[in-house]
Structure formats: C-alpha cells, structure tokens
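Residues take their numbers from the sequence shown, with the count starting at 1. Here the structure is a predicted model, which is why all the values come from computation and not from measurement.
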Amino acid sequence: MNDEVNVLVLAAGHGSRMRSTTPKVLHRVAGQTMIDWVLDAVAPLTDKRPITVIGVGAESVQAHVGERSNFVLQQEQLGTGHAVQQAQPQLADSLGVTLIMSGDTPMFRSETLIEFIQAHQNSKNAVTVLTAIADDPTGYGRIVRADDDTVLKIVEQKDASVTERRIQEINTGVYVFDNQLLFEALSQVKNNNAQGEYYLPDTLDILRQSGHQIGAHTLQDFTESLGVNDRVALAVANRVMHERINHALMVAGVELIDPANTYIDAKVTIGSDTVIEGGVTILGHTHIGQDNVITQGSRIQDSQIGDRNVITASHLESAVLADDVTVGPYAHLRPKANLGNAVHVGNFVEVKQATLAANTKAGHLTYIGNATVGEAVNIGAGTIFVNYDGVNKFNTTVGDRAFIGSNTKLVAPVVIADEAITAAGSTITADIPKHAMGIARSRQVNKADFWDRMPHQ
C-alpha cells in the first residue's frame, strides 16, 4: 500500500438489542470478542495503531483492548458521523486514507480489507464503499449506481423507492476515505433527521456534489459483511466462524467426523491425523498434538495435549496430557492436572492440582487432588485423596509402583513411599515406608445366627 493508512473502529454504541450489560463489541464469537476479531483483521493493514471510538462501556472496552489500539471517547452517541469526528484531532494532519469500520463486524478477513484499500488507492475516488450482494437485502442500505458504475447515493430501506428496494447491492458500513476530504465533508453534515444524529453516509452526497468521485468495491463472500446486533445474529456469526475454523483444520489434516456439530475456538491448534467426533467443544488456548482421538461429549478448555491420546466423553480444564494417555469416559481433569506418558484415568475419576507420572492407572470412581503420584502406581476404585480440612489444603505424595487398595482414604499430608501398599478400605493418616503395607480399618466381627434375631415378614 502506497499511502499512509489510518484505521478507525467504531465501538461506542449501546447495543441495546443484545439485551446485555456487556458492551456489544465484547461479546464473543468462536472464543474471541468481536473487537478482537476486528483488530486482528486490520493489524496487517498498517504499522499505525488503529483508533477505537469508545462510549458505552468505555472502561471495559479499553481495559480489554489495552495496547492494541489508541482510543477516543464519544461522550454522547450522536451518530456515526459524530463518532468519526471525535478522532479528528488525531487524524487531522494525515494526508493518507482512513478505513472506517464497526467493532461489531467480526467476519471480515484481512485479505478482503487489503484488497479493498488497494482498490481505493488505484482509483480516483474520494471515498470507496465496501458493498455486498445480498440474496435478501431487506433492512440494508442500497447502493444506487450511475451509468458509469460510480456511486450516486446510498439509500436506506425506509427511504427507498419500490425500484430501489429491488437493488441487491447493499452497504456493509465499511468505507475508505481520503482523510482530508473525510473531515472536510463531516464539517458539513447536518442532523436534520428524525433521530437528530450526524450520519457518516451523508458525507458521500456532500463529496459528490463537490465534484468528487464516489466508488464501490464488492465483496466476494457476503458472510464477511454480517454484523451483530442481537443474539440471533451472534449465533449466525458463531456458526459461520466455526465453519471457517473447522474447514481450515480439515484442510490441514484434522479429521472432523461431524463438523457441523463440532465447536472449536479460534486460538486452538490441532495436529494432523487427530480424529474428533461430533458433539465436541474445544475452547481457549488449547493445543492438541497428532494422532489423538476425542469422542462425543468431550469438552476441553485451555489444555495442552500431546500425541496419541484417547479422550472419551470427558471434561478437561487447564490440564496437561503427555503422550499415549487415556482419559474417560466421564473423567474430569481440573486445573493443574498433569498426566505423564501412558497414564490411564478412567470413568468418574477427578484430578485436580495433581501430577501423575508415567504408566500410573486410576481406573474408576476416584478423586485425586493436591497430589504428586509416582510412576506405575495402581490407584484402586473408590480411592479419595482427602486434601482439605475446611480451611487449608494439603499435599499427598505417592511413590513409584505403590499399590493403593480400593476404597482407600489418604488423609493429607501423608507420604506413601515407593512400592508401599494400602489395604482396601483403609483410612491412611500416617506415612507408609517402602515395601510396607498400611492397614487402617476396624477388624471384622461376625455375629453367629444373627439372621434368626432379625424380624421377618
């Protein structure tokens, strides 16, 4: 791009149709806020920081975006033209072009915006409008072109004639202006309309009447133009973005059995030959290696997963799996669960803030919390690591090749040494040395002929 490029993101509106206390641009699409998607899309366009116009929820938006943008405040929401005017002190001296787009349009790709700006720079336009062809243009502003294909005007649905309403080319609300002409035209915009607001599209007619050329550049993919004004549109945006993400993963060698019902966030990375069934959700900053199998009903968030693991209908939160691990069905790995190579965590096993070294097995019905467990340990069914006394949490250490009998309670802090054993049903409150067996249960007493003492019907 030859000229200086400025980027202005409009993110000051109420978003009242979202019916939410969260600012509209902070609602999430495929794991990222809408403003994040927009800022990602514009990042390759220029070395200059974008300027974000904030208003409603300004502090929340600014805190979320941070150093990615500069900011200007629109104290009163008096229309899109008024919003752009708030950036005039920062842009007044620029002799380049200014891209203006909304913070609630998360679907635009960088490639599309680069092509759009280049089309403007190659033209003699004072402003170029990004347009799209809609199968159903109802509700959108229509693009009215002259015989030479330049833009005569943008007419809103409520103001359009019967003929104009048949036009399928619509305004996406994205513009590139010659920066100096932008603010010259804005100074002439009036607010003599029902809303008493200053509208950015009014600058087009002002520029045209001043003898400047108005152009348009048409999107190839209409879905990029989709904005989000309510929860219905938010669901559509999520569907479209998940389709994009899933398509890219499949092209890269990931096998999605039912991509329409697989929900993978934007920041997730997955290696080739991993197979993912339908009904799986993968969120946040999750990395999954190669040759894994993840079955229906699994939900994985912010986790690091190696190669050749099998995760069956289980939930993982901020967990780490090495290689050749099997999890589930119906296991729950909570934050700081760290499973070494070839660990098995079976059905209804919960692990939290615990490290299980290679080849350790916990087959079923077990809670492992605040623990360091060695290699090749067998943890029997119904074992509970009793880590909490109501005030503080304590750590349990289990050595290599220890055998934890079924229905053992390990009351922390306690150390089970290498190759030590606990008898089934024991409540262990003291350390067990190497090669010893710990038994901590009442001795069985049999009452002879007790059946005869019981009442019978």
K.L.:
Okay, side chain of S94, backbone of A92: is any donor-acceptor separation there less than 3.5 Å?
P.N.:
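Checking the backbone N and O of A92 against the side chain of S94, no donor-acceptor pair under 3.5 Å is found.
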K.L.:
Is a donor from one side chain sitting under 3.5 angstrom from an acceptor on the other, for H82 and Q86?
P.N.:
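Distance-only check passes for H82 and Q86.
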K.L.:
With a 4.5 Å heavy-atom cut-off, do S69 and V9 have their side chains touching?
P.N.:
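They are not in contact (no side-chain heavy atoms under 4.5 Å apart), so the answer is no.
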K.L.:
Between R68 and D40, is the closest basic N to carboxylate O distance under 4.0 Å?
P.N.:
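The answer is yes: the pair qualifies as a salt bridge.
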K.L.:
CZ of R441: more than 12 outside heavy atoms within 6.0 angstrom?
P.N.:
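Result for CZ/R441: enclosed.
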K.L.:
To the nearest 0.5 Å, tell me how far N309 CG sits from D307 CG.
P.N.:
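Those atoms lie 7.5 Å apart.
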K.L.:
Tell me if the CG atom of N392 is crowded by more than 12 foreign heavy atoms within 6.0 Å.
P.N.:
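More than 12 within 6.0 Å, yes.
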K.L.:
Strictly below 4.0 Å, N to O, side chains only: are D291 and R308 in salt-bridge contact?
P.N.:
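Answer for the salt bridge query: no.
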K.L.:
Going by heavy atoms in the side chains, are L321 and L316 under 4.5 Å from each other?
P.N.:
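Yes, side chains in contact.
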K.L.:
Picking from V275, D273, I276, N246, what satisfies side-chain contact (heavy atoms from CB on, under 4.5 Å) with V254?
P.N.:
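With V254 as partner, side-chain contact (heavy atoms from CB on, under 4.5 Å) holds for just one option, I276.
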K.L.:
I need the minimum non-hydrogen distance between G55 and L73, along with the two atoms involved.
P.N.:
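Closest pair (atom of G55, atom of L73, distance): CA-CD1, 4.1 Å.
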K.L.:
Taking the side chain as every heavy atom from C-beta outward, state whether T22 and H27 have any pair of such atoms under 4.5 Å apart.
P.N.:
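The answer is yes, as the side chains (C-beta and beyond) meet within the 4.5 Å cut-off.
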K.L.:
Check whether any side-chain N or O of T286 sits under 3.5 Å from a backbone N or O of S303 as a donor-acceptor pair, and report yes or no.
P.N.:
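Answer holds: yes.
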K.L.:
If we count only N and O atoms by modelled type, under 3.5 Å, do the side chains of H435 and E419 hold a donor and an acceptor together?
P.N.:
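Note: H435 and E419 side chains meet the donor-acceptor criterion.
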K.L.:
For A424, does its backbone N or O pair with a side-chain atom of N407 as donor and acceptor, under 3.5 Å?
P.N.:
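Not at all, since once roles are kept as given, no pair shorter than 3.5 Å links the two residues.
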K.L.:
Check P106 against V29 and note the closest heavy-atom contact, atom names and distance.
P.N.:
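That would be CG-CG2, 4.1 Å.
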K.L.:
Quick one: do V411 and D389 satisfy side-chain contact (heavy atoms from CB on, under 4.5 Å)? Show the steps, please.
P.N.:
CA-CA 9 Å; V411 182; D389 67 0; over 6 Å; no
K.L.:
Rounded to the nearest 0.5 Å, what separation is found between the CG atom of D93 and the CG atom of N179?
P.N.:
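Rounded to the nearest 0.5 Å, the CG-CG separation comes out at 9.5 Å.
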K.L.:
If I compare all heavy atoms of A12 with all of I54, which pair ends up nearest, and what's the gap?
P.N.:
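That would be CB-C, 3.5 Å.
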K.L.:
Given side-chain contact (heavy atoms from CB on, under 4.5 Å), test M34 with V38 step by step and report yes or no.
P.N.:
CA-CA 6 Å; M34 290 193 279; V38 172; 5.7 Å; no
K.L.:
Please give me the minimum heavy-atom distance between L234 and M18, naming the atom from each residue.
P.N.:
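Nearest heavy atoms, L234 then M18: CD2-CE, 4.1 Å.
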K.L.:
Got E277 and S298 here, is their nearest side-chain heavy-atom distance under 4.5 Å?
P.N.:
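Sidechains of S298 and E277: no contact.
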K.L.:
Flag the pair I282 / I270 as yes when at least one side-chain heavy-atom distance between them is below 4.5 Å, and no otherwise.
P.N.:
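Contact flag for I282/I270 side chains = yes.
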K.L.:
Which pair of non-hydrogen atoms, one from H217 and one from T128, has the smallest distance, and what is that distance?
P.N.:
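Nearest pair, atom of H217 first, then T128: N-CG2, 3.9 Å.
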K.L.:
Have N341 and D324 got a donor and an acceptor in their side chains that come within less than 3.5 Å?
P.N.:
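The answer is no; no qualifying pair exists.
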K.L.:
How many angstroms lie between CG in D265 and NE2 in H242, if you round to the nearest 0.5 Å?
P.N.:
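Answer for the CG-NE2 pair, D265 versus H242, is 5.5 Å.
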K.L.:
If the condition is side-chain contact (heavy atoms from CB on, under 4.5 Å), which residues does H456 pass it with, not counting sequence neighbours?
P.N.:
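For H456 the side-chain contact (heavy atoms from CB on, under 4.5 Å) partners, ignoring immediate neighbours, are W451, M454.
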K.L.:
More than 12 foreign heavy atoms under 6.0 Å from OH of Y330: is that the case here?
P.N.:
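No, not enclosed.
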K.L.:
Taking atom types as modelled, is there a side-chain donor on T98 or N6 under 3.5 Å from an acceptor on the other?
P.N.:
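Side-chain D/A pair, T98 to N6: present.
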K.L.:
Tell me, with the steps shown, if K48 and E4 meet side-chain contact (heavy atoms from CB on, under 4.5 Å).
P.N.:
CA-CA 9 Å; K48 299 181 66 176; E4 179 183 52; 3.3 Å; yes
K.L.:
Is it the case that T131 and T218 place a side-chain donor and acceptor less than 3.5 Å from each other?
P.N.:
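Per modelled atom types, T131 and T218 side chains form a pair under 3.5 Å.
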K.L.:
Do T383 and F385 come within less than 4.5 Å of each other through their side chains, counting heavy atoms only?
P.N.:
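T383 vs F385: side chains touch.
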K.L.:
Would you say that more than 12 heavy atoms from the other residues, nucleotides or ligands in this model lie under 6.0 Å from the NZ of K361, or not?
P.N.:
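Enclosed.
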K.L.:
Do F108 and L219 touch side chain to side chain, with heavy atoms closer than 4.5 Å?
P.N.:
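Side-chain contact under 4.5 Å: yes.
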K.L.:
Report yes if some heavy atom in the side chain of I257 is under 4.5 Å from a heavy atom in the side chain of E255; otherwise report no.
P.N.:
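Of all side-chain heavy-atom pairs linking E255 with I257, at least one is under 4.5 Å.
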K.L.:
Just checking, is any N or O donor in the side chain of Q301 or H315 under 3.5 Å from an acceptor N or O on the other one?
P.N.:
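No - no donor-acceptor pair under 3.5 Å links their side chains.
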K.L.:
Which is it for Y175 and V129 under the side-chain contact (heavy atoms from CB on, under 4.5 Å) test, yes or no, and what are the steps along the way?
P.N.:
CA-CA 5 Å; Y175 309 86; V129 185; 4.0 Å; yes
K.L.:
Hey, could you give me the CG/OG distance between N338 and S318, rounded to the nearest 0.5 Å?
P.N.:
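Spacing of CG (N338) from OG (S318) equals 12.0 Å.
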K.L.:
Can you name the nearest heavy-atom pair linking D104 to V25, along with the distance?
P.N.:
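Scanning both residues completely, I find the closest heavy atoms to be N-CG1, 4.1 Å.
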